[in-house]
Amino acid sequence: MLTLALGLRQSLGIFMQPMTRDIAISVSEFTFAIAIQNIAWGIAQPITGALVVRMGFRRIMVAGGLFYLAGLAFLATAQGALGVTIGAGLLIGLSLACTASSIANSVASRAVPVAVRSTVLGLVSAAGSLGAMLAAPIGQYLQTGFGWRAGVIGFLVMAVAMLPAAWIAGRIDKVALPPSAPGQTDESTARSMARAALRHPPFLVMTGAFFVCGMQLVFLTTHLPSYLEICGMDPMLSAQALGMIGGFNVLGSLFFGWAGGRWSKQALLGLLYVTRSLVLAWFFSAAPTPESTLLFAGLMGFLWLGVSPLIAGSVAEMFGLRWQAMIQGLAFMSHQVGSTLGAFGGGLAFDFFGSYEFAWRFGVGLGLAAGTLQFLFAYLRPPPPALAG
């Protein structure tokens with residue numbers, strides 16, 4: 001489920017240039033739809049995280065699969081900006097709140113003992129990376145041969161498999177919650193747990209840095225294909241780069257999941273953000289070549305979804321498992337506000353300046369600042385574990 005939800009979503013950028021030419025929408029109108037997707041995903045994520053406590057995971061995840069199919073159907077038949085915004089924006093955004101990392105990580109956290117939780121979360125995040133390796137090349141092949149609508153229909157056919165995957169994953173509803181660890185309160189209300197999270201300094205710092213993470217990553221998934229085309233690169237290179245990101249995501253997710261079980265998750269997050277920002281600065285400061293693009297994609301892939309097991313593991317350690325999906329959703333709201341800035345803000349900056357230089361420099365600067373703060377804060381004396389009042 002997670003493989004398809006993230007892989008298809010990360011590959012939508014390959015349709016931007018042909019879609020803007022075919023149905024006469026601007027780059028900023030396409031990126032506005034992606035911004036709506038990220039806002040809908042972010043706002044709905046803590047709501048779906050709270051609903052799984054009441055309704056169970058299965059119902060939420062299957063509903064998310066249906067939203068995904070509806071969104072791709074709207075996109076495939078779009079005749080203007082409205083159809084793109086409803087399909088790629090609102091409906092897929094709502095779907096991701098039901099099927100993507102926060103929900104999938106909460107399912108995985110409940111299924112395994114704490115001793116291997118971080119490693120398993122890395123495995124789940126790695127699975128979420130595999131979709132782009134398949135979706136981007138398949139979508140580009142169909143688009144090149146038959147047009148962008150055929151590429152979107154290909155995505156819709158792949159997305160059908162989310163329904164049985166969500167149904168099977170929903171068996172976790174029958175697994176009882178483990179006893180709460182000392183200092184954790186799993187049996188409180190959604191309101192009291194949200195209040196505890198928003199008063200917990202480590203959570204707030206992590207959430208602020210997560211904002212910058214979302215800005216950087218969605219800027220890339222949305223604008224990298226366009227940037228490479230402007231620079232005269234083969235259109236297939238963008239699909240290869242997105243596929244490379246997906247492949248190295250697997251290695252990065254596995255590594256950071258393993259590392260999070262041995263070292264400070266907060267310090268690892270800070271190190272990851274700083275390193276990622278330096279890689280971005282290196283790539284965009286010179287004209288791309290096929291070789292530099294694929295190397296960049298590999299490095300970024302390794303540093304991409306490694307945040308997922310670290311964030312999920314940190315939330316479980318701070319607040320327990322019962323409300324993990326909701327509290328992780330609160331952090332994810334910040335991520336999605338940053339994603340909106342990366343997608344739509346990048347499009348506006350391109351339309352205004354005629355290039356992506358301002359956008360990437362802004363993203364690198366914020367990334368270095370956020371990563372440094374996250375790393376330094378990890379070594380301050382932490383407050384007691386968060387408790388729900």
Give a yes or no answer on whether the side chain of [X] reaches the backbone of [Y] with a donor-acceptor pair at less than 3.5 Å.
{"X": "Ser95", "Y": "Leu91", "result": "no"}
{"X": "Glu29", "Y": "Ala81", "result": "no"}
{"X": "Lys265", "Y": "Leu310", "result": "no"}
{"X": "Thr77", "Y": "Ala73", "result": "yes"}
{"X": "Asp173", "Y": "Phe57", "result": "yes"}

Quick one: does [X]'s side chain get under 4.5 Å of [Y]'s, heavy atoms only?
{"X": "His335", "Y": "Val307", "value": "no"}
{"X": "Phe377", "Y": "Pro201", "value": "yes"}
{"X": "Leu75", "Y": "Met19", "value": "yes"}
{"X": "Arg361", "Y": "Val364", "value": "no"}

Can you tell me how far apart [atom1] ([X]) and [atom2] ([Y]) are? Round to the nearest 0.5 Å.
{"X": "Leu251", "Y": "Phe302", "atom1": "CG", "atom2": "CZ", "result": "7.0 Å"}
{"X": "Leu299", "Y": "Trp282", "atom1": "CG", "atom2": "CH2", "result": "6.0 Å"}
{"X": "Ile103", "Y": "Cys98", "atom1": "CD1", "atom2": "SG", "result": "7.0 Å"}
{"X": "Leu51", "Y": "Ile60", "atom1": "CG", "atom2": "CD1", "result": "5.0 Å"}
{"X": "Leu303", "Y": "Leu272", "atom1": "CG", "atom2": "CG", "result": "5.0 Å"}
{"X": "Leu271", "Y": "Trp263", "atom1": "CG", "atom2": "CH2", "result": "11.0 Å"}

Partners of [X] by side chain to side chain contact (heavy atoms under 4.5 Å, CB included), sequence neighbours excluded?
{"X": "Leu278", "value": "Val274, Leu368"}
{"X": "Ser101", "value": "Leu2, Leu6, Asn105, Ser308"}
{"X": "Ala63", "value": "none"}
{"X": "Arg54", "value": "none"}

Open item on the list: One pair to check against side-chain contact (heavy atoms from CB on, under 4.5 Å): Met300 and Leu280. What are the steps and the verdict?
Closed with: CA-CA 8 Å; Met300 286 300 296; Leu280 279 167; 4.2 Å; yes

Distance-only donor-acceptor pairs under 3.5 Å for side chains of residues 202-220, two or more places apart:
| residue | atom | partner | partner atom | Å |
| --- | --- | --- | --- | --- |
| Thr207 | OG1 | Phe203 | O | 2.7 |
| Gln216 | NE2 | Ser277 | OG | 3.0 |
| Gln216 | NE2 | Gly363 | O | 3.1 |

Open item on the list: Determine whether Val107 and Met1 satisfy the following criterion, side-chain contact (heavy atoms from CB on, under 4.5 Å), listing intermediate values before the conclusion.
Closed with: CA-CA 12 Å; Val107 170; Met1 178 188 70; over 6 Å; no

- [ ] Could you tell me which residues satisfy side chain to side chain donor-acceptor pair (under 3.5 Å) with Thr48, sequence neighbours excluded, listed by chain and number?
- [x]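 Result, side chain to side chain donor-acceptor pair (under 3.5 Å) vs Thr48: Gln45.
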
Task: Partners meeting side chain to side chain donor-acceptor pair (under 3.5 Å) with Gln266 (sequence neighbours left out) - done: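 Result, side chain to side chain donor-acceptor pair (under 3.5 Å) vs Gln266: Ser314, Gln374.
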
Please report the shortest heavy-atom distance between [X] and [Y], naming the atom on each side.
{"X": "Ser285", "Y": "Ala281", "result": "OG-O, 2.9 Å"}
{"X": "Val124", "Y": "Ala104", "result": "CG1-CB, 4.2 Å"}
{"X": "Met333", "Y": "Pro46", "result": "SD-CG, 3.5 Å"}
{"X": "Ala111", "Y": "Ile172", "result": "CB-CD1, 3.7 Å"}
{"X": "Ala267", "Y": "Ser264", "result": "N-OG, 3.1 Å"}

Open item on the list: Tell me if the CZ atom of Phe283 is crowded by more than 12 foreign heavy atoms within 6.0 Å.
Closed with: yes

Task: Whether over 12 other heavy atoms sit under 6.0 Å from Phe255 CZ - done: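 It does: Phe255 CZ has more than 12 such atoms within range.
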
Task: Under 4.5 Å side-chain linkage, directly or through intermediates, the cluster mates of Ile43 - done: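 Result for Ile43 is Ile39.
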
Please table the atom pairs, donor to acceptor, closer than 3.5 Å between any side-chain atom in residues 145-171 and protein atoms at least two apart or in another chain.
| residue | atom | partner | partner atom | Å |
| --- | --- | --- | --- | --- |
| Trp148 | NE1 | Asp22 | OD2 | 2.9 |
| Arg149 | NH1 | Ala76 | O | 2.8 |
| Arg149 | NH1 | Ala78 | O | 2.9 |
| Arg149 | NH2 | Ala78 | O | 2.9 |

Only distances under 3.5 Å count here; give the side-chain donor-acceptor pairs of residues 286-296 to other protein atoms, sequence neighbours excluded, each with its distance to 0.1 Å.
| residue | atom | partner | partner atom | Å |
| --- | --- | --- | --- | --- |
| Thr289 | OG1 | Ser292 | N | 3.0 |
| Thr289 | OG1 | Ser292 | OG | 3.1 |
| Ser292 | OG | Thr289 | N | 2.9 |
| Ser292 | OG | Thr289 | O | 3.2 |
| Thr293 | OG1 | Thr289 | O | 2.8 |

Open item on the list: Is there a continuous path of hydrophobic side-chain contacts, each under 4.5 Å between heavy atoms, that joins Leu121 to Phe248?
Closed with: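 Looking at the clustering, Phe248 is in a separate group from Leu121.
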
Task: ring pair (Phe, Tyr, Trp, His ring centres under 6.0 Å): pairs with one or both residues in residues 27-47, sequence neighbours excluded - done: Phe32-Phe344, Trp41-Phe332

Throw together a table of side-chain donor-acceptor distances under 3.5 angstrom for residues 64-71, partners on residues two or more places apart or in other chains.
| residue | atom | partner | partner atom | Å |
| --- | --- | --- | --- | --- |
| Tyr68 | OH | Ala5 | O | 2.8 |
| Tyr68 | OH | Arg9 | N | 3.1 |

- [ ] Would you please test Thr20 and Ser26 for side-chain contact (heavy atoms from CB on, under 4.5 Å) and show each step?
- [x] CA-CA 6 Å; Thr20 55; Ser26 67; over 6 Å; no

